Amino acid sequence: MAYWLFKSEPNTWSWDDQVAKGAAGEQWDGVRNYLARNNMKAMKLGDFGLFCHSVNEKRIVGVVEVCSEAHPDTTTDDPRWECIDVRAVAPFPRPVSLAEIKAEPRLSELALVRQSRLSVVPVTEAEWRVICEMGGYQG
DNA sequence: GCCAACGTTGGC
DNA sequence: GCCAACGTTGGC
């Protein structure tokens, strides 16, 4: 079991859009970065992820689950780019902002903080627990 | 295969 | 809203 963090611009793909897809989920497409893609290729069915809004609204808003492992990204003909599918699990009772994450010493090593431009990053189990606790989410 | 140029992203 | 940094692309 591994944990991840997915970042998306709410204008392009928001938590509400994700929820609207229901249990079927939707592919996490459009990633054109090797590191982010490699992270996705490492994902297994049933892995959990944090859904994070970027840009103006920088905060973690909910939990998603990987419901399909890596497959070609249908938004491009380029075979290098693959993606996975995720489905919404539950919203955070209390969204966790990026500022709160940066203020939390236990999250100082979070990949998101260290590589802020990467849209798909790994989260350790310890970090996962801290973030869920901050968001009032009972995993 | 290297390197310059461009586009995108995030910080301030 | 500007600017710096990063990563990807394309030309040589």
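All values derive from a computational prediction rather than experimental measurement. Hydrogens, waters and symmetry mates are skipped; everything else that's a heavy atom, side chains included, is used. Labels below follow one simple rule: chain letters A, B, ... track the order of the sequence lines, proteins then strands, and each chain is numbered from 1.
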**Student:** Would you kindly give the CD-to-C1' distance between Glu57(A) and dT9(B), to the nearest whole Å?
**Tutor:**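 Those two atoms, CD and C1', are 18 Å apart.
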
**Student:** Please state how far atom CG in Leu35(A) lies from atom P in dC6(C), giving the value in whole angstrom units.
**Tutor:**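 Distance, rounded to whole Å: 13 Å.
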
**Student:** Of all the choices, dT9(C), dG11(B), dC6(C), which nucleotide is nearest to the side chain of Arg80(A) once you look at every atom?
**Tutor:**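 Nucleotide nearest to Arg80(A)'s side chain: dT9(C).
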
**Student:** Heavy-atom count around Asn56(A) CG within 6.0 Å, excluding the residue itself: above 12?
**Tutor:**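 Incorrect, the count does not exceed 12.
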
**Student:** Does Met40(A) belong to the same Ile/Leu/Val/Met/Phe/Trp/Tyr cluster as Leu50(A), with side-chain heavy atoms less than 4.5 Å apart forming each link?
**Tutor:**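 No; Leu50(A) is not reachable from Met40(A) via cluster members.
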
**Student:** Given atom CZ of Arg114(A) and atom P of dG10(B), what is their separation to the nearest angstrom?
**Tutor:**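 Between P of dG10(B) and CZ of Arg114(A): 18 Å.
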
**Student:** Within this structure, what is the CG-to-P distance between Asn38(A) and dT8(C), rounded to whole angstrom?
**Tutor:**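 Rounded to whole Å, this separation is 10 Å.
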
**Student:** Would you kindly give the CG-to-C1' distance between Leu112(A) and dT9(B), to the nearest whole Å?
**Tutor:**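 So the two atoms are 13 Å apart, to the nearest Å.
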
**Student:** For Asn33(A) and dT9(B), give me the distance from atom CG to atom P, rounded to whole Å.
**Tutor:**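 Rounded to the whole Å, the gap is 11 Å.
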
**Student:** In whole angstroms, how far is the C1' atom of dT9(B) from the NE2 atom of His53(A)?
**Tutor:**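 So the two atoms are 17 Å apart, to the nearest Å.
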
**Student:** Check the distance between dC6(B)'s C1' and Arg32(A)'s CZ and give it to me in whole angstrom.
**Tutor:**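 Atom-to-atom, Arg32(A) to dC6(B), this comes out as 18 Å.
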
**Student:** Aromatic rings Tyr34(A) and Trp81(A): how do their planes relate, parallel, tilted or perpendicular, breaks at 30° and 60°?
**Tutor:**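 Tilted: the ring planes of Tyr34(A) and Trp81(A) meet at 30° to 60°.
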
**Student:** Answer yes or no: does a side-chain N or O of Lys7(A) lie under 4.0 Å from OP1 or OP2 of dT8(B)?
**Tutor:**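 Checking dT8(B) against Lys7(A), no side-chain N or O comes under 4.0 Å of OP1 or OP2.
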
**Student:** Counting only side-chain heavy atoms from C-beta out, which of dG7(C), dT9(C), dT9(B) sits nearest to Gln115(A)?
**Tutor:**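 In terms of side-chain proximity for Gln115(A), the closest of dG7(C), dT9(C), dT9(B) is dG7(C).
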
**Student:** Which nucleotide in the set dT9(C), dG11(B), dT8(B) lies at the smallest distance from any side-chain heavy atom of Trp81(A)?
**Tutor:**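 Nucleotide nearest to Trp81(A)'s side chain: dT9(C).
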
**Student:** Assess the side chains of Gln27(A) and Ser68(A): does a donor N or O sit below 3.5 Å from an acceptor N or O?
**Tutor:**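 There is no such pair (donor and acceptor under 3.5 Å, judged by atom type) between the side chains of Gln27(A) and Ser68(A).
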
